[in-house]
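These notes are about the structure you will find just below.
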Amino acid sequence: MIWKIARKEIAEHLLSFRFSLAAMLCAGVLLLSCLGMYRQYEQRNRDYTLCQARQGEALANIPPTLLSLFAWGLEDVTGRTVDLRYAPHVMVLGVRPPLNPFDTFFPTFDLSYVVRIIGALVALSFAFDAICREGSNGTLALMLAAGASRGGILLGKLAGGFSVVALLFLFPVFLGLALLGILFSIPLTMEVLARILLWSGASLLYLFCFFCLGLLISAFFTTPRLSLLVCLMFWTMLIFIAPSAVTSVAHVETRLQSPVRFAQENLFSSKLAASQGRSNQEEGDRQLQKREARSHEMLRFTDLTLKVLRLLPGAAYVDLSTNLAGTGVAEMASYYSAMQRYIGAVIAAREQKEEAPSFSFTRSPLGDCLHSSIVAIVSLMAWAVAALWSAGVALFHYDVRTKEVGQL
Amino acid sequence: MIRKIFKRELKDMLLDWRFAVFAAMLVLLGSVVTVARSADHKQALRDYGTIEIMNSRMLDGGLSVNEGSFFLQPPRRPARMSLIAQGMQESLMERFFLSVYENPLSVLYPSADLLMVMGIVISLGALLLSSDLICGERETGTIRLLAANAVKRSSILLGKWLACLVTLSTGILLLFVVVAVILGLAQPDTWTQTDWGSFAALFLFSLIYASTFLMMGLFLSASTRHSGTAVVMALMVWTVVVFVMPALPVYLARELQPAKSPTYVMISTLRLEKERNEALEKLRAPLRAQKLSDAEMDARIDTNAVRRIWDEFSQKKRKVENPAFEKSMVQGGINLIMQQASPFAAYLIGGTEITGVGVVSAMNFTKFAQKQERFLTEYIQEKWRETLKKNPDASKSTPLDLSGRPRSAFKGDPLLFRMAGMALPLLFLLIFNVLFFMLAWRKFLRYDVR
């Protein structure tokens, strides 16, 4: 019976106007994203080549990763540059704000952004009326009368509806990658392929969460319109508001100083150093210690906030996809550690009047990326299971009679 | 007749649960975001207070001519209305490069503000409320009755639009009242009359924005026969307008005007500085060997050679910086025009300008800061000349007494200035309104009510 219902669902969706529109939207948006992000990656690569360290220069610049196509994440922030010409006053330079103010005004249009926002919306739009429309049409009562179990109906709708949503996303993504491969001859190693497949799996898990959430809302409300509005409310709340509120609250609670204030305090301290009888060396060491203390404080804040954020599906997906692409917080932390070691090495070299060593950094292997994503994966799975189980309970209590009479 | 249709529609809509959900969503989400931003803003104000005190103590303590000009630039107070819209203030007014210790979560999970919440919820609510206004009436058969009573189609359209707009205005007004109450209770900052004027202007701007999406919904409704189809189309159109269209011009602008990255400019400038310092050091080396004081070295160094080195450096620096800056400005211009094609982007850009956290406002402050820096530099030079007159052997690292320095504070942008920044997005929104009304009217004139 489940298979029959699933087949009916697939056929209905494939022939619907909704599918045609969603297919056009997903195909267009995902292909545009692939192309746009690849061009951005190329630009970043060119930039990296131009900014490579010359002999004697202490620069901690790292090449971009091709996987930033999937999740840009902290790519701009991780490949940063350190300049230590003025050692022992360690000078750390970060990314300069873009000259074009609109560069960062709207979010980066990577594939994860498309899946996180548009994908979730499409998944909800395919699930919001799965139960309540059948209820209001009276077909739910007919299905039950024909011997279908409520659990069977739910699973059939899940299998049918979700396979259509998966098709809508996977097909354009792989088509886009194939086109990029043909047009730009992208070298795809086994590791990159494995990461792409894992990213696809993570995206499907995320879409599955929202599809189950849509089913749950559909089983709770009697009219499709109300169900749609509630779905949209949850979508806005889970994707935009909750992550932002969590970071704001954490920021205020931990009372972290703004980077501008921190930098200003350092300058002030340098200025006062001479009058307070501190030598340049002492002041340099003091500032280095302060920087380390602040970075530890920041990492602690990041760690704590991430623990809460990972409980939200949108934020968990961002964490998971950026970790898989090697552009996440874990990667940045390891870049940061490498940079700290490098600073030490450069200072030691300067003290011995030697040339600065070159910076080397290897991105984390897939196993480490997966390890740092375990919480996000478990969180997404828990959301999916909880939503599906609740949808089952709601459908079990769904009164098919009253609505049918009301509609008629 | 418009009045009758308006009254009936208004009553229907205000009693509709869709309006209830829309208003609840707007007020709930708006309140959460305002409370969160208020707390953030208070912290930003505390940070600013400390920065200002340090800056002032730095200058009071005396600055030598040798020291960098950093402290001569006044820090910018967080804009009072930045708790409504974060805007571009942070990226434009950053006095330091973003440090590696910067919070990575702010990049991954950018904070939402009231303007963004309004942009998303109002557009969605407007489209969902209006997408079945025509086709929904056809499904129930009431539109035939209206047509049979010789009601003009333009009257039907205008009556419905007006009722929908008043309904949405009620929700938006409710949000603005709740936000004003939250600001009154939390008191994150003291608002001036200009800020309250901007708040009112933002309300009106939001109504025009809502009207744009209402017109779009009416057009979709008049283009379809079934309300289900209209709702699905409305959702898809909304997704494209809100999430896809604003993001694309950035890539397109980069393709049309490829510019070197700020990191490249920064590294190139540092390399040029290194070259310059090495050249200057070569000149000073023989004098340094004679163990001369700073003042003696300054007097005996080949000034023409020094000037040549500096000129060469400035020329090379300009060659690196200017093309990147000019191309980025062209990119910005392309973005600004192209992003207006999305009413959502136009609303966000206009909203940031009216709240004083947009590009125009940032440029206004930059002008003020540069002027202030120039005044202080001239003042320091004058003090240095006075010191040299008194003590010809004075070193360039001697702290100068700057207690009588010229002081002035940035008064913020006047309301008219902010409104001027909003003019272009407003114009685009009005054009969209007229365009979609004409399209909806044209479709509705040919609509088969049977």
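Protein chains get the first letters and strands the later ones, always in sequence-line order, with residue 1 at the start of each.
Residues A:Phe17 and B:Thr224 fail the side-chain proximity criterion, which asks for heavy atoms closer than 4.5 Å. The side-chain heavy atoms of A:Ile241 and B:Leu28, taken from C-beta on, include no pair separated by under 4.5 Å.
With salt bridges taken as basic N to acidic carboxylate O contacts below 4.0 Å, one links A:Arg225 and B:Asp132.
B:Leu108 pairs in a side-chain contact (heavy atoms from CB on, under 4.5 Å) with only one of the listed residues (A:Thr322, A:Leu309, A:Thr302), which is A:Thr322.
When each of A:Thr327, A:Val329, A:Ile118 is checked for heavy-atom pairs under 4.5 Å with chain B, A:Ile118 comes out on top. The candidate from B:Val232, B:Val121, B:Asp40 with the greatest count of non-hydrogen atom pairs under 4.5 Å with chain A is B:Asp40. Comparing B:Asn335, B:Val231, B:Val250, B:Leu235 by how many heavy-atom pairs each has under 4.5 Å with chain A, the most go to B:Asn335. Chain B forms the most heavy-atom pairs under 4.5 Å with one residue out of A:Ile117, A:Val246, A:Leu32, A:Val114, and that residue is A:Ile117.
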Inset, instruction - Begin with the C-alpha distance, continue with both residues' side-chain angles, and end with the deciding distance and a verdict on side-chain contact (heavy atoms from CB on, under 4.5 Å) for B:Tyr251 and A:Leu35. - result: CA-CA 10 Å; B:Tyr251 300 97; A:Leu35 190 66; over 6 Å; no
Legend entry - Intermediate values then yes/no, side-chain contact (heavy atoms from CB on, under 4.5 Å), A:Met24 and B:Met236: CA-CA 10 Å; A:Met24 277 195 294; B:Met236 297 301 165; over 6 Å; no
Inset, instruction - Determine, stepwise, if the pair B:Thr239 / A:Val122 fulfils side-chain contact (heavy atoms from CB on, under 4.5 Å). - result: CA-CA 10 Å; B:Thr239 311; A:Val122 169; over 6 Å; no
Inset, instruction - Please test A:Gln43 against B:Arg254 for side-chain contact (heavy atoms from CB on, under 4.5 Å), starting from the C-alpha separation and ending with a verdict. - result: CA-CA 9 Å; A:Gln43 232 161 22; B:Arg254 281 189 203 147; 3.3 Å; yes
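Atom CG of residue B:Leu124 and atom CG of residue A:Leu232 lie 5.0 Å apart, to the nearest 0.5 angstrom. Note that OG of B:Ser342 and CZ of A:Phe106 are 7.0 Å apart. Values are rounded to the nearest 0.5 Å. A distance of 14.5 Å separates CZ of A:Arg18 from CE of B:Met233, quoted to the nearest 0.5 Å.
Residue contact with chain A, scored on non-hydrogen atoms closer than 4.5 Å, is absent for B:Val330. Proximity to chain A involves both the backbone and the side chain of B:Ser227, based on heavy atoms less than 4.5 angstrom apart. Looking at B:Leu348, the atoms closer than 4.5 Å to chain A (heavy atoms on both sides) sit in the backbone and in the side chain alike. Within the 4.5 angstrom heavy-atom criterion, no atom of A:Ala71 approaches chain B. Heavy atoms closer than 4.5 Å to chain A are found in both the backbone and the side chain of B:Leu336. Looking at A:Tyr48, neither its backbone nor its side chain comes within 4.5 Å of chain B, counting heavy atoms on both sides. For a residue to count as touching a neighbouring chain, one of its non-hydrogen atoms must lie under 4.5 Å from one of that chain's; by this rule A:Leu50 touches chain B with backbone and side chain alike. Both the backbone and the side chain of B:Ala345 have a heavy atom closer than 4.5 Å to some heavy atom of chain A. Using a 4.5 Å cut-off between heavy atoms, B:Thr50 contacts chain A through its side chain alone, with no backbone atom that close. Heavy atoms closer than 4.5 Å to chain A are found in the side chain of B:Met116, but not in its backbone. Contacts between A:Pro107 and chain B at a heavy-atom distance below 4.5 Å involve the backbone alone (N, CA, C, O). Contacts of A:Asp319 with chain B are made by both backbone and side-chain atoms, with heavy-atom separations under 4.5 Å.
Remark: the backbone N or O of A:Ala315 is paired with a side-chain donor or acceptor of B:Tyr109 at under 3.5 angstrom.
Close placement of the B:Phe243 and A:Phe240 rings is indicated, their centers lying within 6.0 Å of each other.
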